[in-house]
Trainee: 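Just dropping this structure here.
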Amino acid sequence: MKPSEIVDLLKQQEFGDKILSFEENTFQPGIQINPLWIEDIFYFLRDDDRLAFDSLSCLSGVDYGAGKELGVVYHLFSMKHNHWLVVKVKLDRESPHVPTVEHIYKAANWHERETFDMYGIVFDFHPDLRKILLPDDWEGYPLRKDYQVQELYHGIKVPF
Amino acid sequence: MPHLKTEEMIMNMGPQHPSTHGVLRLELVTDGEVVKSITPHIGYLHRCFEKHGEELTYPMIIPFTDRLDYLASMNNNHAFNLAVEKLLNLEVPRKVEFIRVIVAELQRIASHLVAIGTFGADIGAVTPFLWTFRDREVILNLFENLTGARMLYNYMWPGGVARDFPKGFREEIGAFITYFRPKIRDLNNLLTGNHIFISRTAHVGVLPADVAVNYNCTGPVLRGSGVKWDLRKNDPYSIYPEFEFDIPVGQGTMGTLGDTWDRYYIRCQEMEQSLNIIEQALAKFPVEDATDVQAAVPRRIKPPAGEVYARAENPRGELGFYIISDGGTKPFRVRAKSPCFVNLAVLPALGKGIMVSDIVAILGSIDIVLGEVDR
Amino acid sequence: MGYFKDIYRGVSSTLTGMTLTARELVRPDHIVTIQYPKESIPVPETGRYRLHNNIDECIGCNQCANACPVSCIEIKSFKRMDKDVETVKETQKKRLWVEQFDIDMSKCMFCGLCTWPCPTECLTMTSVYDYSAYDFKEHIFKFSKLTPAEAEQKKAELEAWTAEQAALKAAAAAKKAAEAPAVKPETPAAPPAEKPAEG
Amino acid sequence: MHDLVLKTLGIGDLLAWLGVPDGSLVYPVVASVFPLVFLIIFALLAVYAERKVSALIQNRLGPMETGPWGLFQTTADILKLIQKEDITPKAADKILFFVAPVLVFTGTYASLAAFPWSSGFVGADLNVGIFYLLAISSLVVAGLLMAGWGSNNKWSLYGAVRSTAQIVSYEIPAGLAVLTAIVTTGTLSMNGIIRHQEGMWFGLLFQSPFLFVAFIIYLIASLAEVNRTPFDLPEAESELVGGYHTEYSGMKFAMFFLAEYGNMFIVSGIAVAVFMGGWLTPWGTEPSVLMGVVWMILKSLFFVFFQMWLRWTLPRFRVDQLMYLCWKVLIPIAFACLIGQAAVEVYL
């Protein structure tokens, strides 16, 4: 299905006001949605057989620049229809919260834990949101643009 | 007799453990031999690839992609270059495409050899381990003649490759193919058909197809559960459509569909398919095409602002790169979606109520490389 | 039934396995071991292992240090006097004394990115791979031939030479100003003295 | 034994010449040292042979550096193990930790007492020889349990519990298989069994199909008793890291190692004695005393090689498959052979 058709389908499902923007010219068509409605939209995207987005191919946190907002980008892919959809969510920097999609796509479990670990984005209702890659007592969120490496970690000099 | 509540034992398998394929710690809650739950702890080999990606120029990132899945460096390069070439909207010369496919498929065989060898050693048969590594040495020597390095090559660049095939290299590859075909048969006789091996792997760690898709498992893990999905065929890139090869899929021949034996046997069949691809690529190789392999490599890589998610079929699954470029020489964000990270996430789901020796079998069949899990 | 088929398959697959291992046991020509200290795996000369810089052809342009992802190359150089400028490979001009050219091979990741931008191709990767040492510092290979004493002496000459050039220029400018004072406005101030290019 | 050792090997005359009084304690001491020396030498050669066999199978060369063709590799290993520090984990149960290797080694060393080297050359020619041999070799189980529990390491406990289950349950098929042979020979004494096999090509093996199957069952069961692949679950490297001897190092580890290889020899020695005509020549005639020893060692070494050959071919069983194989396959067939052989004896 063509990207514009996907968006029209979403609009028919009275998600229209939830879709904040739609970019078409990039390699993969992307829509930006209101974070609070993520769960319903994802359920619809996955279960509707015309769309059939059965695999969450990639979930990545993005920091759009020091001082700007944080974002989470979901790359959805349908094995059945072989088409893409990129769902983006923009969160404010101070308290980034977005509901989890772990119960819809099990793949999101570890991806969300890694995004929390690297960006500090809290995924609400995630079953066990812990740091996955970094040690549990590591301060700061490394992948943020304004991240300052801590001087010592347990007495070990960190800067290279 | 009232059920005697035996106390469960919490055991740590790893991070230094002979069969965790790297620094992975599995926290097992066991009741006697039966495992109640597995919680993997990763992050011991985290080297901040994504942070590096934001501070280095595009050519500098390529040696870092080698070190993601250090057993399949060529395929990692290939995936990263696909993404950058899409960003740059770069047309890659046909000869370079052929070189890339041949080299990527050779690397796939080398990577599968390690997977099969270590899987056999985990189950207890040490001889296949030595045989697979003996055959892998031949491929490493081929790569050393071609690129100069044995494992981490920095060979594929956006738009081209570092060096052209030296004289007589294609004959060396042909010699390897004739040398290697009977060796796969030996391996199957020794390990795949062995009754003890089958009883240790059949019906163990069964991964249903829908769970595999929901966990976004890819590669031999997904195909083991019967889902015929291979990026080289279903979402083709480079010049793979020009070659005929089939995609081995698990049939549950020795046990239920999606068990450890299926995932293992797919890797054996995939090695043969890779040999076919290399043979066809060698036959169709544009020999008289004398274009310099570095012709299309831009001097300074400054892609226009934009973002792309490109992926390639690594031996362990679908490795995808999500690159956001802000027009500078350094990417704004590089996100590596690694197949082992996702395939490993299935382990807790498979690990309920199995025996301790089965964990080792399942972990071997999922075939993870911690460099890619921890990035 | 399954019970006996199970046993039969067990025995037959064990026997095939054993014939295979027996066949390998009696085939000494299959042995692949190379006994390292006496013989070693032949490394092609295009092998990418230890870096080597032919310092005579190095013009100190710092391209390799910029191209290195892990920044393991350190170069310190200062300007040569005009009379010392030499040409290398007819095209490149050596305008700098390379006081220090260190490559820290323990940091190097053997990617070879530094060898490509080198204008005179003096930086190459040799196929020497066995240079293990007991101390990290031994892995810092120093290629510069300039001893510190020579460097000091050359820097002193450079100071004297630049001062002298500046004086000459100032004198020439003053003379020109004296000859045609009314016609042209005052010539701009003398160009600032050349500062030695820090690496 | 000791008078024989003294007489045939001439040590007796040597000691008498040295002026040692006749009834003194020196004689039995010297006689009992002989099997210990043999055990150590055998272990040295067996470890070297195992490394060479595994190397050749895997297209490698094996040890080549120490001495010509790496011959002194095992002596180098033993020297290394001797000078290695003998670590005892802090929280380990000191007594159990210390006694375990001693018990395991005595199990092996004691069974050499009744080992039928040759017609005149056997330790204690007990009339319950085979019974004693099978019994003493299960002393190892207690040692392994002590090692596993004593080293206070979860993985060693796993190894110990697995090895107890394995050895105890595999003694039954081994016992039954040997019983099938005893049914024909009628006597329990080792020399008696061997003498009964005179005139038979390759001993009892080919006398009746029941005996042949019993021999195969005994071979499999003996593999399990010695913890050799495909039954090396107690010290499964890839799962339990080292099994019961993870925490051991230095001399104690060497004792475990020596005991394992000693057991290998003894188990194959019993198989040879009971089924393959012991120290008789393969065509069943009785050789001289010394030649008997040579034949006995040659036949045993073949089975030791068979165990090594099997180790580098087969993968490892899982614990429940191990139990299934023992209780559901080996024991029923062993019973069938026993009954079959008994019927053969009665009616033929």
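First the proteins, then the strands, lettered A, B, ... as listed; each starts at 1.
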Trainee: For C:Phe4, is the CZ atom crowded, meaning more than 12 foreign heavy atoms sit under 6.0 Å from it?
Mentor: no

Trainee: Between B:Gly148, B:Pro59, B:Ser199, B:Pro63, which residue shows the highest count of heavy-atom pairs closer than 4.5 Å to chain C?
Mentor: B:Gly148

Trainee: Examine whether an atom of C:Glu45 lies under 4.5 Å from a heavy atom of chain B, and if so say whether it belongs to the side chain, the backbone or both; otherwise answer neither.
Mentor: neither

Trainee: Can you establish whether the number of heavy atoms outside C:Tyr131 located under 6.0 Å from its atom OH is more than 12?
Mentor: yes

Trainee: Are there residues of residues 134-154 of chain C whose heavy atoms fall under 4.5 Å of chain B's heavy atoms? If so, which?
Mentor: none

Trainee: Kindly give the heavy-atom pair with the smallest separation between B:Leu56 and C:Pro69, and that separation in Å.
Mentor: CD2-O, 3.8 Å

Trainee: Go through the steps to decide whether B:His195 and C:Val11 satisfy the test side chain to side chain contact (heavy atoms under 4.5 Å, CB included), and finish with yes or no.
Mentor: CA-CA 8 Å; B:His195 187 57; C:Val11 172; over 6 Å; no

Trainee: Please state whether the side chain, the backbone, both or neither of B:Tyr153 comes within less than 4.5 Å of a heavy atom of chain C.
Mentor: backbone

Trainee: Top residue by heavy-atom pair count (under 4.5 Å) with chain B, among C:Asp6, C:Thr21, C:Thr14?
Mentor: C:Asp6

Trainee: Find the distance between CH2 (C:Trp116) and CG (B:Asn154) and round it off to the nearest 0.5 Å.
Mentor: 9.5 Å

Trainee: Indicate the atoms forming the closest heavy-atom contact of C:Thr16 with B:Asn189, along with that distance.
Mentor: OG1-O, 4.5 Å

Trainee: Measure distances from C:Tyr49 to the heavy atoms of chain B and classify the residue's part below 4.5 Å as side chain, backbone, both or neither.
Mentor: side chain

Trainee: Side chain, backbone, both or neither: which part of B:Leu152 has a non-hydrogen atom closer than 4.5 Å to chain C?
Mentor: backbone

Trainee: How far does CG of C:Leu20 sit from CG of B:Asp186, to the nearest 0.5 angstrom?
Mentor: 5.0 Å

Trainee: For B:Arg299, is it the side chain, the backbone, both or neither that has a heavy atom under 4.5 Å from a heavy atom of chain C?
Mentor: neither

Trainee: Could you grab the distance from atom OG of C:Ser13 to atom CD1 of B:Ile198, nearest 0.5 Å is fine?
Mentor: 7.0 Å

Trainee: How close do C:Arg48 and B:Ala149 get, counting heavy atoms only, and between which atoms?
Mentor: NH2-CB, 3.9 Å

Trainee: Once you round to the nearest 0.5 Å, how far does OG1 of C:Thr46 lie from CZ of B:Arg163?
Mentor: 5.0 Å

Trainee: Looking at CD1 of C:Ile41 and CZ of B:Arg150, how far apart are the two atoms once the value is rounded to the nearest 0.5 Å?
Mentor: 5.0 Å

Trainee: Would you name the heavy atoms of B:Arg67 and C:Met109 that are closest together and state the gap between them?
Mentor: NH2-O, 2.9 Å

Trainee: Could you tell me the separation between the CG atom of B:Leu190 and the CD atom of C:Glu24, rounded to the nearest 0.5 Å?
Mentor: 9.5 Å

Trainee: Specify which of C:Ser12, C:Cys111, C:Pro117 makes the most heavy-atom pairs with chain B at under 4.5 Å.
Mentor: C:Cys111

Trainee: Does any heavy atom of chain C fall under 4.5 Å from the side chain of B:Glu55, the backbone, both, or neither of them?
Mentor: neither

